[in-house]
Amino acid sequence: MDYTFNAIEAKWRQIWQERNTYKVSEDNSKPKFYVLDMFPYPSGAGLHVGHPLGYIASDIFARYKRLKGFNVLHPMGYDSFGLPAEQYAIQTGQHPAITTKENIARYRQQLDLMGFSFDWDREVRTSDPSYYKWTQWIFKQLFDAYYDLNLDKATPIASLIRTFEQEGNSNTNAVHDCEQRFDAAAWAAFSPEAKETVLQQYRMAYLAESWVNWCPALGTVLANDEIVNGVSERGGHPVEQKRMMQWSMRIKAYAERLLEGLDRIDWTDALKEQQRNWIGKSKGSSVQFAVKDADLQIEVFTTRPDTIFGVSFMVLAPEHPFVEQICTPAQAQEVQAYQQQAALKTERDRQADVKNITGAFTGAYALHPFTGQEIPIWIGDYVLASYGTGAVMAVPCGDQRDYDFAKHFKLPIPNIFADQDISEAAYSEKDAVIANSDFLNGLDAKAAMEKAISAIEAKGIGQGKTNYRLRDAVFSRQRYWGEPFPVYYQDGLPHLVDDALLPVTLPDVDAYLPTEDGEPPLARAAKEAWSCQLGERMEYNTMPGWAGSSWYFLRYMDPHNQEAFAGPDKLAYWNQVDLYIGGSEHATGHLLYARFWTKALYDLGFIHFDEPFAKLINQGMILGKSAIAYMGPDQKMYSLDMLPENKEGFREVRILIDLLNDDESIQLDALKAWQPQYAAQEFVCNADGKVLVKREVDKMSKRWYNVVTPDDLCEKYGADTLRMYEMFLGPLEQSKPWDTKGITGVHGFLKKYWRLFHLNGQFEVDDAQPSPAALKTLHKTIKKLTDDLERFSFNTGVSSFMICVNELTEQKCNNRHILEQLTILMAPYAPHICEEIWSQLQPTSQTIFDSEYPVFDASYLTESSFDYPVSFNGKMRFKATLELALSIDEVKEVVLAKPETQKWLEGKDPKKVIVVHGKIVNIVL
RNA sequence: GCGGAUGUGGUGAAAUUGGUAGACACGCCAGACUUAGGAUCUGGUGCCGAGAGGUGUGCGGGUUCGAGUCCCUCCAUCCGCACCA
């Protein structure tokens, strides 16, 4: 009987659905386990073989945990708001909701083919009003909260307002941007606008001006990604840095707790390190520099207050608000020209480009707070307006960027380090003794730091301070396809829409573009198009992609709840995500935002845990192998081996990988039919009459024509084969190129497993006692498999199954006990075939996934002897089979007496003999 | 530029705590069977060498009885860098 995988897989997919095999509900009799995948954005291209990698791993783990007796929550959904659907809508006029729905249907179809154990009753879609109702509701909680530093948590803003009414803000200890001090009387006298302006400076979700990449021609803000060489990727229009009123999230308030929480979660050190660096905690001091002949103080933050006597100039960001005020008439033209030039560069370009040192002198001078010396004030684009105070005190002898700037503009580089040579480069280590620094002379960096800070504080020109690189997160998008804000404006002030009116649904618009005067697309909506229309106008911005994805793991716990984002009982039962699998590209985006929202919801008393993901694994990316053909200057396509030495005038073109033969030659007729431009293509073939291509590893993407879809592979080899093959490719965390060729090995393995039950053409197992050899094979496999799963080593797990089946085949084993146990072990990896076999083994059972996981018994593996590898100076020369009962001294004695040993000793006396019991013998000559 | 990761046969990789480098597969070579098939089975396969043997985990150095594994320098590739998701 053949392994008819297509029929078997279709049959079991249907039975699982009919029997609700993967439906899960709260059950206090079992321990819970929550396995989560990062939900996909349903793109128009569908899934390629890279997408399911993490889902397969999580599915295996979820099924394993279920067999181990856990109540497993394993849901799936869609992060369905996003830019591509909107871009498509702009091009075609089709409503993004329609595209999104179609894409989701396609994704679902593809996911179903793979046999995942998702409980689809719990599916969520971030673009569904019943979901984003609660995204809006959470936004409202954040709007109505501030960060109280005494309680060290987010707290309802009402309590802050009470404080303001009673005593003003002089004694409040909160995270804020408010420069103003007022007492109760002043607060009472404030206009509603003034009050709200103050409150905005405290709210967790607040309106403030932020720097954005503004593209006037497109009337929109662009991501750094959408800007290439200073112009928009779409259309090639100029882009400038601009201040815009934007919603932001006060994530900085959580900087310290986001750091601290990392110590309590099981993530890789690499990922934690990335988050730590992103948050970028640094200790130092603020210092104010008075501007000469002006009533202005430039505030800087420095991590090296100990080097304050090394300051020889200051650099402001070109966008710094003081630039215009301090710039001298003589320098005005140069400064303005520089500002314009800088405004055209994105922050990333400015940071990445260190070779081109640019800047302009403002003509103004600051006064050194201790020496009174005049310090020239420059502007330079290596200083970023959005980081710190947007100004730095330049210490060229201690900071390489300052050093390079000084060298380039021939500014002085005073050396304040004793015995350090700074003629070639700055000395940035913190281990030098300070010199030429007045009261800091002779101190080490640490002592100088402390003394400098006290001096700065004593003078009242600054204070010791902890700074974070982390910036508050801009939360507005001038896009259509996102969550509308539950906000309207009255007298120019933002107000929250009442809970009863949620969700504020996306209104229909006539085009998905900004208005003529640069308002976001929602400004196009007619009044009637809004689900509610309050005040003077609704908020026209929408929320960013990360809004919906910052809390979806909570919604899965109770996806149909209409009264709350999730019921307290459900939240209490499922608690944290126990295992989260997804790509490392989310290290500093999604994973930080989700932690932030979780902490805020925890502070406000809605959930009982403040870290969302107890354990996290990053799966690597599956890369595609692009096919590169060469077009000659004569417009002929050259075979790779026919290229001339001089490739001038040749260009590389990527062609669809489906057009290749196994030997990496092009199917010429298929190429001609593929795209019109190749219809009459001429070729320069090699001696075999073939046109060979070069293969190169790229990201798997439609754009490189190197996509391999799971659908075809499921059709040809079955989902079980594909699942196991994806796991077999290599360690989950590692990136690896896709190569379909190897899949036959795994397919052959499943056939071999199938044959164990069909030795004589039909299903047959032997009910006798299993042989010791078979038991040994089985228990070795149980041990290895369980260890591998517990450390998420899925690839070696597949190898172990292969070894096990190879051994059982060798033993001609078709023993019921052995094969039943093996089938349960394998079921998480290859659920369809194992379920089919199980239904033959146990016809009354509903599903193999209600079985008990095999228990390892070490007694089947005990060995009495061991093949000791005998090494000489660390090089293995021969093996000696010895009883394990022998002591170390006995082993030494026996090995030294061996004739092989004598041969390798070459008559010399061993200097030393090292025996590690049960491991190795090493003889040192 | 900054931050993170990776580097082992022709290919994907294994080696979990410093203890036999290359398990398991793909590919390739040889053979068996055969209705000639991209089926199945058997044997071989890191490199150099006829062999004995030598050599080998990106390069160079170090620690150790012993290093793919630990330390230092360098090189290459990949990911992220705040409005892509």
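What you see is a predicted model; the values in this text were computed from it and never measured.
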(message) Going by side chain to side chain contact (heavy atoms under 4.5 Å, CB included), name the residues that satisfy it together with A/Ser871, two or more places apart in sequence or in a different chain.
(response)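 Counting only residues at least two positions away or on another chain, A/Ser871 forms a side chain to side chain contact (heavy atoms under 4.5 Å, CB included) with A/Met876, A/Ile920, A/Asn922.
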(message) The criterion is side chain to side chain contact (heavy atoms under 4.5 Å, CB included); which residues satisfy it with A/His48, sequence neighbours excluded?
(response)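 Only A/His51, A/Met700, A/Val707 meet the side chain to side chain contact (heavy atoms under 4.5 Å, CB included) criterion with A/His48.
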(request) Verify whether the ring centers belonging to A/Phe475 and A/Trp247 lie closer than 6.0 Å. (result)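 No, they do not, as the ring centres are separated by 6.0 Å or more.
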(request) Identify which nucleotide among B/C79, B/G27, B/G80 has an atom closest to any side-chain atom of A/Met621, counting heavy atoms from C-beta outward. (result)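 The answer is B/C79, which lies nearest to the side chain.
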(message) Nearest to the A/Asn806 side chain among B/A82, B/G19, B/C24, which nucleotide is it?
(response)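 Between B/A82, B/G19, B/C24, the one nearest the side chain of A/Asn806 would be B/C24.
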(message) Heavy atoms only, 4.0 Å cut-off, all strands: where does A/Arg479 land among base, sugar-phosphate and nothing?
(response)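 Base contact.
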(message) Under 4.0 Å, counting only non-hydrogen atoms across every strand here, what does A/Leu470 touch: a base, just sugar-phosphate, or nothing?
(response)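 Here A/Leu470 touches the bases of the nucleic acid.
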(request) State which residues pass ring-ring contact (aromatic ring centres under 6.0 Å, His included) with A/Phe866; sequence neighbours excluded, sorted by chain then number. (result)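 So A/Phe866 forms a ring-ring contact (aromatic ring centres under 6.0 Å, His included) with A/Tyr868.
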(message) Looking at A/Lys812, I want to see if its NZ is surrounded by more than 12 non-hydrogen atoms of other residues, nucleotides or ligands under 6.0 Å.
(response)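 No, the 6.0 Å shell around NZ holds no more than 12 heavy atoms from other groups.
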Table of protein N/O atoms under 3.5 Å from nucleotides 32-39 of chain B N/O atoms:
unit_1, atom_1, unit_2, atom_2, d
B/G38, N2, A/Lys716, NZ, 3.2

Ignoring hydrogens and angles, write down the donor-acceptor pairs under 3.5 Å from the side chains of residues 740-749 of chain A, residues two or more places apart or on other chains.
unit_1, atom_1, unit_2, atom_2, d
A/Thr740, OG1, A/Trp738, NE1, 2.7
A/Thr744, OG1, A/Lys741, O, 3.3
A/His747, ND1, A/Tyr717, O, 3.3
A/His747, ND1, A/Thr721, OG1, 2.9

Identify all pairs in which a protein N or O lies below 3.5 Å from an N or O of nucleotides 8-12 of chain B, and state each distance.
unit_1, atom_1, unit_2, atom_2, d
B/G12, O2', A/Leu729, O, 2.4

(message) Once salt bridge (Lys or Arg N to Asp or Glu O under 4.0 Å) is applied, do any residues pair with A/Glu810, and if so which ones, sequence neighbours excluded?
(response)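 Counting only residues at least two positions away or on another chain, A/Glu810 forms no salt bridge (Lys or Arg N to Asp or Glu O under 4.0 Å).
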(message) Tell me every residue that passes salt bridge (Lys or Arg N to Asp or Glu O under 4.0 Å) with A/Arg469, counting only those two or more places apart in sequence or in another chain.
(response)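 Partners of A/Arg469 under the salt bridge (Lys or Arg N to Asp or Glu O under 4.0 Å) test: none.
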Cut-off 3.5 Å, no hydrogens considered: what does the side-chain donor-acceptor table look like for residues 581-592 of chain A, sequence neighbours left out?
unit_1, atom_1, unit_2, atom_2, d
A/His590, ND1, A/Ser549, O, 3.3
A/His590, NE2, A/Tyr580, OH, 2.7

Hey, is the side chain of [X] poking within less than 4.0 Å of OP1 or OP2 on [N], counting only N and O atoms?
| X | N | result |
| --- | --- | --- |
| A/Lys903 | B/G53 | yes |
| A/Arg471 | B/A82 | no |
| A/Asn795 | B/A25 | no |

(request) Could you give me the stems involving RNA chain B, meaning stretches of three or more consecutive Watson-Crick or G-U wobble pairs whose two defining distances are both below 3.5 Å? (result)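 Stem list for RNA chain B: B:1-7 with B:75-81, B:10-12 with B:24-26, B:27-32 with B:40-45, B:46-48 with B:53-55, B:60-62 with B:70-72.
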Mind listing the N/O atom pairs, protein and nucleotides 55-57 of chain B, below 3.5 Å?
none

(request) Check whether any side-chain heavy atom of A/Arg125 lies under 4.5 Å from a side-chain heavy atom of A/Pro42, and answer yes or no. (result)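 Side-chain contact under 4.5 Å: no.
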Is there any protein nitrogen or oxygen under 3.5 Å from a nitrogen or oxygen in nucleotides 64-67 of chain B, and what are the pairs?
unit_1, atom_1, unit_2, atom_2, d
B/C65, O2', A/Asn922, ND2, 3.3
B/C65, O2, A/Asn922, ND2, 2.8

(message) In whole Å, measure the gap between the C1' atoms of B/G9 and B/G44 for me.
(response)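 Their C1' atoms lie roughly 15 Å apart.
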